[in-house]
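Counting begins at 1 with the first residue of the sequence. No experiment lies behind these values; they were computed from the predicted model shown.
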Amino acid sequence: MLYGIRTLDELPLSGKTVLCRLDLNQPVDRAAGRLKSINRIEAAIPTVKELIAGGAKTVLLAHQGSDIEYKNFYSTKPHAEVLSRLLGQEVKWIDDVCGPAAREAIKALQPGEVLLLDNVRYVAEEQTLFERSLKLTHEQQAQTLLPQKLAPLAHYYVCDAFAAAHRDQPSLCGLEQLLPSAMGRLFEKEYGTISSIMDQPARPCVFILGGAKIADAFQMMETVLSRGIADEILTGGLVANIFLHAAGKKVGQGSLDFIEKEGYSAFYEKARTLIEHFGEQITLPSDLSWTEDGVRKEARLDDLPEDVAAVDIGCETAARYVQVILQAKTVFANGPMGVFEKPESEYGTRTVWETMAETEGFTVLGGGDSIAATEKYGLVEKMGYICTGGGALIRFLSGEELPVVKALRHGSLLPLAAEDRYHAE
Ligand code: ADP
Ligand code: MG
């Protein structure tokens, strides 16, 4: 047991049927029926390999997209092809989640074989809108269709979907009520890494918070400052613009209009409160950059033209941040320093990210765009740790208990012999 959760070391796998929930959710090119990225599938491979090597009959469950983000709601068929290629063995796939066809396919599995079921979110109770509206307990989730149909066919439940650990859905939290459970290797690694940062970070511990997910950034900042986890916070992106305005500094009317339009004006007050309590530890930019006809311009705050929209930190700020990062023993980053997607506003993000790659301290990074920036600058191998889970990481670092961790602790206490309670051969 690690953190009160079983690991794969504790499951006798040979000949057993294992329901293994992964997070394979990726950007999809719907027209071509292809995945635009496969990094989460790659990250899931070690656990699947271990299940195969142990002689388990492996049933993989995964979601792709959801109701509210319709653009990437899709079947898991392309994932099965990628899995087959990465594993060097056929991963069977079936156009069904927990109906008769899926159940027949599970029963037909031989030891060492792998089957990927279709998108679990084709089942209503797996949808995030359903989760938010009904808020089922884990016991109630266990009574829904998917756990009721699939648990009787399996011996164990393994969850390796750390990136979905903040979701409260039956395939993530309900199956642990019915089957002896364990976490997979990716879950173990990701949870272990971020727990060690929260518990005993090597100091100085610096958080770099930028980007545009303001509510998340503010909550994270408040938690890591009030719990004494962060020694210093370097701000960038929209987060910095809000703090600067709250502190009475110039950021340009364009920045204020954007903040207003995005509905973030309420955060000025929160920013003032944070500055009041933790002002010494929150570092704000001293210069900002904007663009004119696609050309980068920058100025110190006092000299900023009235109407500009700041899209990056300036060179002076970046140079100050470089010094802080080089001295740090732990660096955590979420959210870019500016609109790094455009060449004229990528300087701040590129400089800070390159310094993270270079510093001796342990560096951790999470969030979709933050990872995209790391890939863009070719720094993936040089970061200490890249967390596959944006939402889960943020919830964890915000001090919330992750629903899947709670459920896994429960399922880790179900005795392994409980398999026979259910399993009908
Ligand atoms: P992550 O995905 O790493 O968690 P976010 O989604 O919070 O990061 O933020 C990334 C987005 O923020 C990018 O699309 C980037 O263009 C945008 N962004 C960064 N700085 C600014 C800024 N000053 N003004 C507007 N958008 C910004
Ligand atoms: Mg993002």
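With Ser171 as the partner, the side chain to side chain donor-acceptor pair (under 3.5 Å) test is satisfied by one option alone out of Glu125, Arg121, Glu126: Glu126. With Leu60 as the partner, the side-chain contact (heavy atoms from CB on, under 4.5 Å) test is satisfied by one option alone out of Leu24, Leu22, Thr47: Leu22.
Judged as a salt bridge (Lys or Arg N to Asp or Glu O under 4.0 Å), the pairs with a partner in residues 329-349 (not counting sequence neighbours) are, in order, Glu346-Arg350, Glu346-Lys376. The salt bridge (Lys or Arg N to Asp or Glu O under 4.0 Å) analysis of residues 194-207, with sequence neighbours excluded, yields the pairs Arg203-Asp231. Contacts classified as ring-ring contact (aromatic ring centres under 6.0 Å, His included) and involving residues 12-68 (residues at least two apart or in different chains) are not found. Among pairs with a residue in residues 185-232, those fulfilling ring-ring contact (aromatic ring centres under 6.0 Å, His included) read Tyr3-Tyr191, Phe162-Phe187, Tyr191-Phe396, Phe207-Phe332, Phe218-Phe243, Phe218-Phe267, at least two apart in sequence or across chains. Identified under the salt bridge (Lys or Arg N to Asp or Glu O under 4.0 Å) test for residues 129-140, with sequence neighbours left out: none.
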Can I get a per-line list of side-chain donor-acceptor pairs under 3.5 Å for residues 48-55, giving both atom names and the distance, sequence neighbours left out?
| unit_1 | atom_1 | unit_2 | atom_2 | d |
| --- | --- | --- | --- | --- |
| Glu50 | OE1 | Arg185 | NE | 2.9 |
| Glu50 | OE2 | Arg185 | NE | 3.2 |
| Glu50 | OE2 | Arg185 | NH2 | 2.7 |

Under 3.5 Å, sequence neighbours excluded: what are the donor-acceptor pairs made by side chains of residues 357-367?
| unit_1 | atom_1 | unit_2 | atom_2 | d |
| --- | --- | --- | --- | --- |
| Thr359 | OG1 | Ile325 | O | 2.9 |
| Thr359 | OG1 | Gly361 | N | 3.4 |
| Thr363 | OG1 | Gly384 | N | 2.8 |

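By the salt bridge (charged side-chain N to carboxylate O under 4.0 Å, His left out) test, Asp160 is found to be paired with no residue, residues two or more places apart in sequence or in another chain being considered. By the salt bridge (charged side-chain N to carboxylate O under 4.0 Å, His left out) test, Lys107 pairs with Glu104, sequence neighbours left out. Legend: residues meeting salt bridge (charged side-chain N to carboxylate O under 4.0 Å, His left out) with Glu269, ordered by chain and number and at least two apart, are Arg272. By the salt bridge (charged side-chain N to carboxylate O under 4.0 Å, His left out) test, Glu262 pairs with no residue at all, sequence neighbours left out. By the ring pair (Phe, Tyr, Trp, His ring centres under 6.0 Å) test, Tyr268 is found to be paired with His245, residues two or more places apart in sequence or in another chain being considered.
Asn119 and Thr76 share no donor-acceptor pair across their side chains, judged by distance under 3.5 Å alone.
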Apply side chain to side chain contact (heavy atoms under 4.5 Å, CB included) to Val18 and His155, showing your working.
CA-CA 6 Å; Val18 179; His155 297 90; over 6 Å; no
What verdict does the side chain to side chain contact (heavy atoms under 4.5 Å, CB included) test give for Tyr74 and Asn25, after you've listed the backbone C-alpha separation in whole Å, the side-chain angles of each residue and the deciding distance to 0.1 Å?
CA-CA 10 Å; Tyr74 202 77; Asn25 191 30; over 6 Å; no
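The shortest distance between side-chain heavy atoms of Leu172 and Asp168 does not fall below 4.5 Å.
Other residues, nucleotides and ligands place no more than 12 heavy atoms under 6.0 Å from the CD atom of Glu222.
Here the CZ atom belonging to Arg21 is positioned 7.0 Å from the SG atom belonging to Cys159, to the nearest 0.5 angstrom. To the nearest 0.5 Å, atom OG of residue Ser345 and atom CG of residue Leu288 are 12.5 Å apart.
Nearest approach of Gly15 to Pro111, heavy atoms of both residues: CA-CG, 4.4 Å.
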